[in-house]
Amino acid sequence: MICKWKLGDEMDYKIVEKANKKYIEIKHPLACESDVLDIIGICISNDIKLLVLREEVFTENFTNLKLGLAGIALQKFMNYHIKVSATIEDKNKIEGRFKELVSELNKSNNFRVFNNTRDAENWVLDIK
């Protein structure tokens, strides 16, 4: 999978502080493995291992499991001990094999998908 960047493109993110904890919020669409590596670099450089991915992140390259980007991302996040929650409000984005993957992920302690921001934040920050 080839990722095309224009010179000067940077990953768009913000650091959010809530309940005396910090997480990184990503809205930048994930198109290839180098995008995943950029996110990991952002987490490491800011010493924050909590991540919230917004709906805009989930491109066809990610949700089409045959392309392998989701598997690469999940494995790298686990390898670097980055806890990830995602917000996907559009149920049409969660279908087919990706829906099966989301169902399995929602049983884990590493990556979960929610249909609203509040629940995604609370889970990644471990707020009950």
Side-chain angles (χ1 to χ4, degrees):
M1 194 175 322
I2 297 172
C3 187
K4 296 181 180 179
W5 287 90
K6 292 180 285 199
L7 192 59
D9 274 359
E10 292 185 27
M11 180 71 61
D12 183 31
Y13 72 95
K14 71 178 179 178
I15 297 173
V16 178
E17 187 168 353
K18 185 176 178 182
N20 295 320
K21 295 181 183 180
K22 293 180 184 177
Y23 69 84
I24 293 175
E25 177 183 280
I26 303 286
K27 292 183 179 180
H28 188 90
L30 286 176
C32 60
E33 185 175 356
S34 68
D35 291 344
V36 176
L37 297 175
D38 286 346
I39 291 172
I40 291 168
I42 290 166
C43 290
I44 291 170
S45 68
N46 288 287
D47 196 28
I48 299 172
K49 297 223 175 170
L50 303 175
L51 184 63
V52 174
L53 304 177
R54 298 293 180 215
E55 189 162 344
E56 300 89 338
V57 167
F58 298 97
T59 62
E60 173 70 21
N61 285 357
F62 193 93
T63 59
N64 182 345
L65 300 187
K66 291 179 185 178
L67 298 177
L69 183 58
I72 290 168
L74 295 170
Q75 188 63 52
K76 290 195 180 297
F77 292 145
M78 287 189 342
N79 288 350
Y80 287 92
H81 306 286
I82 298 171
K83 183 177 179 182
V84 183
S85 68
T87 303
I88 303 177
E89 295 178 18
D90 182 358
K91 293 182 192 266
N92 293 326
K93 283 197 171 191
I94 305 175
E95 56 187 20
R97 301 284 305 199
F98 186 63
K99 183 175 183 175
E100 293 171 24
L101 176 63
V102 166
S103 178
E104 286 302 311
L105 289 172
N106 282 345
K107 298 174 187 172
S108 79
N109 292 323
N110 302 318
F111 192 110
R112 292 214 180 152
V113 177
F114 297 89
N115 62 6
N116 66 75
T117 301
R118 184 180 48 84
D119 289 345
E121 286 179 338
N122 287 346
W123 181 80
V124 81
L125 295 170
D126 201 26
I127 298 172
K128 302 292 181 205

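Counting only distance, with no hydrogens or angles, the side chain of K49 and the backbone of Y80 share a donor-acceptor pair below 3.5 Å. A donor-acceptor pair is defined here as one N or O able to donate and one able to accept, closer than 3.5 Å; no such pair exists between the side chain of R112 and the backbone of S85. Proximity of a side-chain donor or acceptor of K21 to a complementary backbone N or O of L125 within less than 3.5 Å is detected. Using a distance-only test at 3.5 Å, with no hydrogens or angles considered, no donor-acceptor pair links the side chain of N64 to the main chain of E60. Side-chain atoms of S103 never come within 3.5 Å of backbone atoms of K99 as a donor-acceptor pair (strictly under, hydrogens ignored). With N106 contributing its side chain and V113 its backbone, the two residues share a donor-acceptor pair below 3.5 Å. Between the side chain of E55 and the backbone N or O of E89, at least one donor-acceptor pair lies under 3.5 Å.
The two residues A120 and A86 come nearest to each other via the heavy atoms CB-O, 4.2 Å. Here the shortest heavy-atom pairing between A31 and L69 reads C-CD2, 3.7 Å.
The shortest distance between side-chain heavy atoms of F77 and N110 does not fall below 4.5 Å. Considering only heavy atoms from C-beta on, V57 stays 4.5 Å or farther from P29 through its side chain. With a 4.5 Å cut-off on side-chain heavy atoms, L101 and L74 count as touching. Using a 4.5 Å heavy-atom threshold, the side chains of I24 and N46 count as touching. Looking only at side-chain heavy atoms (C-beta outward), L53 and T87 stay at 4.5 Å or farther from each other. Side-chain contact between V124 and V84: absent, with no pair of heavy atoms (C-beta onward) separated by less than 4.5 Å. Side-chain contact between F58 and I88: present, with at least one pair of heavy atoms (C-beta onward) separated by less than 4.5 Å. Side-chain contact between V52 and V16 is absent, with no heavy atoms from C-beta onward closer than 4.5 Å.
In the hydrophobic clustering of ILVMFWY residues, with side-chain heavy atoms under 4.5 Å counting as a link, I42 and I48 come out together. Clustering ILVMFWY residues whenever any of their side-chain heavy atoms sit less than 4.5 angstrom apart, transitively, puts M78 in a cluster other than the one holding I44. No continuous path of hydrophobic side-chain contacts links I26 to L37 [ILVMFWY only; heavy atoms under 4.5 Å]. Cluster annotation: L67 and I72 are assigned to distinct hydrophobic clusters (Ile/Leu/Val/Met/Phe/Trp/Tyr, side-chain heavy-atom contacts under 4.5 Å, transitive).
Relative orientation of the F114 and W123 rings is tilted, given thresholds of 30° and 60° on the angle between their planes.
Separating the CG atom in L51 from the SG atom in C43 is a distance of 5.0 Å, to the nearest 0.5 Å. With values rounded to the nearest 0.5 angstrom, T63 atom OG1 is found 13.5 Å from R97 atom CZ. Distance check, rounded to the nearest 0.5 Å: NE2 of H28 to CG of D12 gives 8.0 Å.
With no hydrogens or angles considered, no side-chain donor-acceptor pair links D119 and N122 at under 3.5 Å. The closest side-chain donor-acceptor pair between Y13 and E25, if any, does not fall under 3.5 angstrom.
A 6.0 Å sphere centred on NZ of K93 holds more than 12 heavy atoms belonging to other residues, nucleotides or ligands. More than 12 heavy atoms of other shown residues, nucleotides or ligands fall within 6.0 angstrom of atom CG in N79. Applying the 6.0 Å contact sphere to NZ of K18 captures more than 12 heavy atoms from other residues, nucleotides or ligands.
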Checklist entry - For L30 and I39, what are the C-alpha separation, side-chain angles and deciding distance, and is it a side-chain contact (heavy atoms from CB on, under 4.5 Å)? => result CA-CA 10 Å; L30 286 176; I39 291 172; 3.4 Å; yes
